[in-house]
Amino acid sequence: MDAAVGWYAGQRAGLGVKLIRAIDACLKSVRRWPQARRIVFDQLDPPVRRALIPRFPYSIYYVVIPGAVHVLGCLDQHRDPDELERQVEARAHDV
């Protein structure tokens, strides 16, 4: 995410900060209502959910485990879908 924030900051003054704030707000929402987001990988146990970052092409992937929410990553939605799925699955297996 450091590279993404830096890239957006270079595009327009304050845009990198807006990305950080959008990610933070999304994470707060996920913590408050973890079951509210759509399951995107139901073949995994626990299933992986995705929260879209408003105004930016990024999503937070996470799993809900008893007593906690485990964030797998904040990933660029413009990636190759197969590569994105491989990365999420690899991270989910580490939970």
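Throughout, numbering of the chain's residues begins at 1 and tracks the sequence.
- Between A51 and R37, the shortest heavy-atom distance links the atoms CB-NE, 3.7 Å.
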Let me have the donor-acceptor pairs involving side chains of residues 5-24, under 3.5 Å, with sequence neighbours excluded, atom names and distances please.
residue	atom	partner	partner atom	Å
D24	OD2	K28	NZ	3.3

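- In terms of hydrophobic clustering, with Ile, Leu, Val, Met, Phe, Trp and Tyr side chains grouped at heavy-atom distances under 4.5 Å, L27 and Y62 are assigned to a common cluster.
- Hydrophobic clustering (side-chain heavy atoms under 4.5 Å, transitive across Ile, Leu, Val, Met, Phe, Trp, Tyr) groups L84 together with V40.
- A salt bridge links E83 with R86: the distance from a Lys NZ or Arg NE/NH1/NH2 to an Asp or Glu carboxylate oxygen falls below 4.0 Å.
- Here the CG-CD distance, from D80 to E85, works out to 10.0 Å after rounding to the nearest 0.5 Å.
- Atom CG of D82 is surrounded by more than 12 heavy atoms from other residues, nucleotides or ligands within 6.0 Å.
- In this structure, R38 contributes its side chain and R50 its backbone to no donor-acceptor pair below 3.5 Å.
- Interatomic distance, OG of S59 versus CG of L72, reported as 12.5 Å (0.5 Å rounding).
- Under a hydrophobic-cluster definition in which Ile, Leu, Val, Met, Phe, Trp and Tyr are linked whenever side-chain heavy atoms come within less than 4.5 Å, directly or via other members, V30 and V64 are assigned to the same cluster.
- Cluster annotation: I65 and V71 are assigned to distinct hydrophobic clusters (Ile/Leu/Val/Met/Phe/Trp/Tyr, side-chain heavy-atom contacts under 4.5 Å, transitive).
- Rounded to the nearest 0.5 angstrom, Y61 OH and L75 CG are separated by 6.5 Å.
- A distance of 8.5 Å separates CE in M1 from CD1 in I60, rounded to the nearest 0.5 Å.
- Closest of all the heavy-atom pairs between V63 and P47 is CG1-O, 3.5 Å.
- Transitive grouping of hydrophobic side chains (ILVMFWY, heavy atoms separated by less than 4.5 Å) keeps V69 and I39 in distinct clusters.
- Taking CZ of R49 as the start and CD of Q35 as the end, the distance is 4.5 Å to the nearest 0.5 Å.
- In this structure, SG in C74 is found 10.5 Å from CZ in F56, a value given to the nearest 0.5 Å.
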